[in-house]
Protein chains: 2
Amino acid sequence: MAEQHELRDRGLRLTPQRELVLAAVRELGHATPEEVAEKVRQSHPGINLSTVYRNLETLENVGLVLHTHLGHGGATYHAAEELTHLHLVCGVCGSVGDAPIEAAASFVTSLADDFGFRTDVSHFAIYGTCADCFDPNL
Amino acid sequence: MAEQHELRDRGLRLTPQRELVLAAVRELGHATPEEVAEKVRQSHPGINLSTVYRNLETLENVGLVLHTHLGHGGATYHAAEELTHLHLVCGVCGSVGDAPIEAAASFVTSLADDFGFRTDVSHFAIYGTCADCFDPNL
DNA sequence: AATAAAGATGCGAATCCCTCGCAAGTAGTG
DNA sequence: CACTACTTGCGAGGGATTCGCATCTTTATT
Ligand SMILES: [Mn+2]
Ligand SMILES: [Mn+2]
Ligand SMILES: [Zn+2]
Ligand SMILES: [Zn+2]
């Protein structure tokens with residue numbers, strides 16, 4: 001018989017902590033492990049940070065969650081189904097803007113054609129200077 | 001009178017450690033602070049890791065050195081004059097391939113035109129799967 | 001419903017990587 | 001040579017992530 005839960009379907013046990021971590025990632029958009037923990041603690045105060053780390057890793061292994069690198073430091077997590085945009089990170093003000101992933105389509109195609117390289121444009125941020133920080137007047 | 005040394009020219013004192021750190025970055029291509037320290041220790045065994053970190057930062061401040069993010073962890077350093085390529089990092093085998101920076105030219109242009117965003121395509125790696133790891137046969 | 005085995009959790013300790021504080025040493029200046 | 005500012009080595013400090021392990025839970029089986 002077919003399974004009936006997105007976690008069990010992927011061979012994972014269903015624990016309250018696990019469900020809460022996944023729900024938190026989905027609600028938060030971009031989130032660091034620390035932010036996920038904070039969110040989860042709103043309903044389950046006792047959750048341990050290492051449990052959050054372990055579940056993020058587990059959920060990533062089964063494809064429900066992905067991580068990206070938006071800054072010089074640690075990773076941030078996304079629900080897998082939401083990772084449909086580029087991250088434009090400004091090195092001056094630190095803002096994280098979004099751009100449609102299609103903006104990179106021809107770049108991705110040419111890397112594939114010319115180098116045989118399959119690009120995941122969302123894994124690392126696109127780094128630079130945002131319009132506000134570049135424009136001298138404002 | 002004009003100055004005569006690339007470090008003094010930029011207002012920096014000339015110390016053996018500083019020169020060695022810069023030389024190591026130039027010889028190594030991509031290097032982590034730890035790797036730079038190792039290299040420098042070949043001729044100056046007593047150098048301290050924090051001295052390496054401090055000098056990398058100082059050299060970066062005056063534009064002789066730059067850092068990039070090639071992996072999930074810390075930064076790697078380049079001589080500024082060498083940073084003329086994209087880094088294609090394979091998530092499967094970990095290889096770091098190079099591609100000419102022109103491969104991103106139209107992508108950079110469209111981000112500027114459409115979003116006013118000035119992109120530094122070398123600061124973060126381009127992440128994906130290399131030809132060897134993608135091609136099933138080999 | 002009771003049992004057993006595998007897997008998950010909480011907790012504290014341990015790592016890793018990088019930054020600081022400070023006293024001693026050194027480069028640049030005249 | 002003497003002075004001052006900058007650097008260095010070293011040890012301590014921090015933040016983030018990972019581990020080890022004893023104690024629960026979940027799930028599959030009686
Ligand atoms: Mn950076
Ligand atoms: Mn990553
Ligand atoms: Zn900005
Ligand atoms: Zn590869």
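Given the structure is predicted, the values throughout are model-derived calculations rather than measurements. Scope of the values below: all heavy atoms of this structure, side chains included, with no hydrogens, waters or symmetry mates. Residue numbering restarts at 1 for every chain, and letters A, B, ... go by the order of the sequence lines.
Residue A:L12 comes nearest to A:L59 through the heavy atom pair CD1-CD2, 4.2 Å, listed as atom of the first residue, atom of the second, then distance.
Ring centroids of A:H72 and B:H123 are separated by less than 6.0 Å, placing the two rings close together. Side-chain rings of A:H69 and A:H87 stay apart, their centers remaining 6.0 Å or farther from each other. Note: A:H30 and A:H67 fail the aromatic proximity criterion, with ring centroids not under 6.0 Å apart.
When rounded to the nearest whole Å, the span between CZ of B:R18 and P of C:dA27 equals 11 Å. Atom NE2 in A:H67 sits roughly 11 Å away from atom P in D:dT17 (whole-Å rounding). Summarising the geometry, the separation between CD on B:E19 and P on C:dT26 is reported as 16 Å, rounded to the nearest angstrom. Between the P atom of D:dT8 and the CG atom of B:L14 lies a distance of 11 Å, rounded to the nearest Å. Atom pair B:R8:CZ and C:dT26:P shows a separation of 16 Å (rounding to whole Å applied).
Looking at B:R13, its side chain comes within 3.5 Å of the base of D:dA5 through a donor and an acceptor atom.
Considering only residues two or more places apart in sequence or on other chains, B:F115 meets the ring pair (Phe, Tyr, Trp, His ring centres under 6.0 Å) condition with none of them.
With a 4.5 Å cut-off on side-chain heavy atoms, A:L20 and A:H44 count as touching.
Contact check of residues 26-45 of chain B against DNA chain C (heavy atom, cut-off under 4.0 Å) returns no residues at all. Taking a 4.0 Å limit (strictly below) on heavy-atom distances, residues 46-64 of chain A reaches DNA chain C at A:G46, A:I47, A:N48, A:S50, A:T51, A:R54, A:N55.
A:L86 and A:Y127 end up in different hydrophobic clusters when Ile, Leu, Val, Met, Phe, Trp and Tyr side chains are linked at under 4.5 Å.
A:S122 and A:T68 are not linked by any side-chain donor-acceptor pair at a separation below 3.5 angstrom, with hydrogens and angles left out of the test.
Checked against A:R26 for a salt bridge (charged side-chain N to carboxylate O under 4.0 Å, His left out), the options A:E6, A:E82, A:E19 give a single hit: A:E6.
Where B:P16 and B:G73 meet DNA chain C, the nucleotide closest to each residue was compared, and B:G73 sits on the side nearer the 5' end.
Phosphate contact (OP1/OP2 of C:dG10, side-chain N/O of A:Q17, threshold under 4.0 Å): present.
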